[in-house]
Peer 1: 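Let me give you the structure first, and then I'll get to my questions.
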Amino acid sequence: MPDDSTVARAPSGTHDVLWPESTRWESLLAAFASRVEGAGYGLAHTPIFEDVRVFRRGIGEASDVVGKEMYEFEDRGGRALALRPEGTAPVVRAFVQHRPPLPWKAWYATPAFRYERPQAGRYRQHHQLGVEALGPADPDLDVEVVSLAEGFFRSLGLAEFELRLNSMGDQACRPAYLELLRAYLSEHRDELCPEHRQRLDANPLRALDCKRPECRAVTAGAPSLADHLCDPCRRHFERVRAGLGALGIPFVLDHRLVRGFDYYTRTTFEFSSEALEAAQNGIGGGGRYDGLVEMLGGPPTPGIGFGIGVERLLLACDAESVFPVAPVPLDAYVVDVAGGTAARDLTDTLRRAGLRADRAFDDRSMKSQLKSADRSGARVAVIIGPDEVAGGVVTLRPLRGSGGQRTVPLDGVVAAVRDAAGHDPIGDDRSRHDAAGPASTV
RNA sequence: GUGGCCGUAGCUCAGUUGGCAGAGCGCCGGGAUGUGGCCCCGGAGGUCGCGGGUUCGAAACCCGUCGGUCACCCCA
């Protein structure tokens, strides 16, 4: 195939986010930022790539993400690096490096990279919003983190989603449970699907969330981790459930919920959209990772967090027809059929006055320019032709709503446009979203 | 990594048994002597993804390849 047909194309599994969809992304980020900053979380930017060991240690060598999905590369200095496949490990790495005072609550918005075969709701570069909270082992922190995600989804208007909850135990009780599970599964080895028959020794937990009917049948009778938690883990889990109940957050217990990263301990949770037809309907998930800081060389420090998939979340919003975002319209569109110098100067004048203004180029016909003005969504057209130039005036033509056009003196244009447009100058509350962080990082 | 389906104009797609490359939308111009939306007329725009094969003749049939999409695996 000639280069031309593939070179101008986003790499497989990646996509462009152009206006007006990009407006929606910014609004989503702003809504998230406002919510989590209002709960004491501070923005953390970390590099988009890290020493590959940051991911290997925490996520686990045996996981699919580390084993076959990482974008690994060597830089010119021979360092082994990887594009981040998820958001937690880098933030925890930053914590270990800088040791901010505890408790430390951070949020992030970042692209994440995994080399997988793309499909609906799954991309090689996707984007995650998330929080991490380090320090407290308090189950109420688990409740806070879960409720932040849940409240965020509700604030967007989502209603058709489910929260599933589980406890993975900790170093005190999980090893014994794993032996129990392995023993049970071994008895039924021949009934498992081929892949999990193979995997039984490496990670028997994985069989629990297998979707194949044969595995389902076996694991239905398998010992449940929830029944084999040590006392501290059991108490922790009970308090998390009680806390969610007290806050009125519905959830279902799912002892099959085994998340794919090794660092999880105790509470794990996942949100899935019930409105999404696609196979990939998980819109967010997370859990506690009380050993991760140590794995990355820090002092024993509990932690918990979640990640939300931006693309999937927006798909879920579409499926429920919620979170529409209308672009802010222009105040004025300058139509110049008198040579163009007036358009050049007048557009500049309007913009300096803080008004949102655009114009046509290339000396197009008046009909064509007005067509563009209409499509731009501008509230008013500012028309300059030979007559206006001769008279030192402009014609203001409302493009939306009622009211006829009128003629105003050139030096009264700003006031007239501001009046006709119902003034919505740049700098109002809407553009303060920038304070939430650079949108370009998402 | 494995499998199903699909690649024709900027977009959505027709294209009969193999016989001149099409429509709608969008874009540009005109109807309107200075006026957007609705309507009418005209115009620009395509190596039918790419390569090979079959044939008098291929967008169509065959093989390969690249790309897209959906599903499995796994995950946001």
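Just the heavy atoms: all of them, side chains too, but no hydrogens, waters or symmetry mates, feed the values below. All figures in this text were calculated on a predicted structure; none of them were measured in a lab.
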Peer 1: Check whether the side chain of A:K371 and the base of B:rG26 form a donor-acceptor pair under 3.5 Å.
Peer 2: no

Peer 1: Could you work out the separation of B:rG36 and B:rA21 based on their C1' atoms and round it to a whole Å?
Peer 2: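 Comparing C1' positions in B:rG36 and B:rA21 gives a spacing of 34 Å.
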
Peer 1: As a test of your reading of the structure, name each stem of RNA chain B as range with range, where a stem is three or more consecutive Watson-Crick or G-U pairs at under 3.5 Å.
Peer 2: B:1-7 with B:66-72, B:10-13 with B:22-25, B:27-31 with B:39-43, B:49-53 with B:61-65

Peer 1: Quick one: do A:S372 and A:R364 satisfy side chain to side chain donor-acceptor pair (under 3.5 Å)? Show the steps, please.
Peer 2: CA-CA 10 Å; A:S372 296; A:R364 292 191 289 132; 2.8 Å; yes

Peer 1: Tell me every residue that passes side-chain hydrogen bond (donor to acceptor under 3.5 Å, both in side chains) with A:D318, counting only those two or more places apart in sequence or in another chain.
Peer 2: A:R24

Peer 1: With the side chain of A:R397 defined as its heavy atoms from C-beta on, choose the nearest nucleotide among B:rG37, B:rG1, B:rC28.
Peer 2: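 The nucleotide sitting nearest to the side chain is B:rG37.
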
Peer 1: Go nucleotide by nucleotide along RNA chain B from the 5' end; which of A:K367 and A:G309 gets its closest nucleotide reached first?
Peer 2: A:K367

Peer 1: Using the P atom on both, measure B:rC56 against B:rG18 and round to a whole Å.
Peer 2: 15 Å

Peer 1: Salt bridge check, A:R164 against A:E162: does any charged N sit closer than 4.0 Å to a carboxylate O?
Peer 2: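 Result for this pair is yes, salt bridge flagged.
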
Peer 1: Please give, in whole Å, the distance from B:rG4 P to A:R117 CZ?
Peer 2: 11 Å

Peer 1: Would A:F55 and A:E72 count as a side-chain contact (heavy atoms from CB on, under 4.5 Å) here? Give the steps.
Peer 2: CA-CA 11 Å; A:F55 304 114; A:E72 294 183 62; over 6 Å; no

Peer 1: Under 4.0 Å from any atom of RNA chain B, heavy atoms only: list the residues of residues 358-366 of chain A that qualify, in numerical order.
Peer 2: A:R364, A:S365, A:M366

Peer 1: Side chain of A:S12 only, heavy atoms from C-beta on: which candidate in B:rG68, B:rA71, B:rG36 is closest?
Peer 2: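 Given the options B:rG68, B:rA71, B:rG36, the side chain of A:S12 is closest to B:rG68.
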
Peer 1: Determine the Euclidean distance between corresponding P atoms of B:rA23 and B:rA71; express it in Å to zero decimal places.
Peer 2: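 Roughly 36 Å separates the two P atoms.
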
Peer 1: Any donor-acceptor pair under 3.5 Å linking the side-chain atoms of A:Q128 with those of A:T110?
Peer 2: no

Peer 1: With no hydrogens and no angle check, just 3.5 Å: does a side-chain donor-acceptor pair link A:S273 and A:E160?
Peer 2: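 No, A:E160 and A:S273 have no side-chain donor paired with an acceptor closer than 3.5 Å.
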
Peer 1: Show your working on salt bridge (Lys or Arg N to Asp or Glu O under 4.0 Å) between A:R35 and A:E37 and close with a plain yes or no.
Peer 2: CA-CA 6 Å; A:R35 191 160 205 91; A:E37 294 198 340; over 6 Å; no

Peer 1: Which atoms form the tightest heavy-atom contact between A:S167 and A:L225, and what is the distance?
Peer 2: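 It is O-CD2, 3.2 Å.
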
Peer 1: Expressed as a whole number of Å, how far does the C1' atom of B:rG49 sit from that of B:rC6?
Peer 2: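 So the two C1' atoms sit 12 Å from each other.
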
Peer 1: Which residue lies toward the 5' end of RNA chain B, A:Y264 or A:P398, if each is placed at its nearest nucleotide?
Peer 2: A:P398

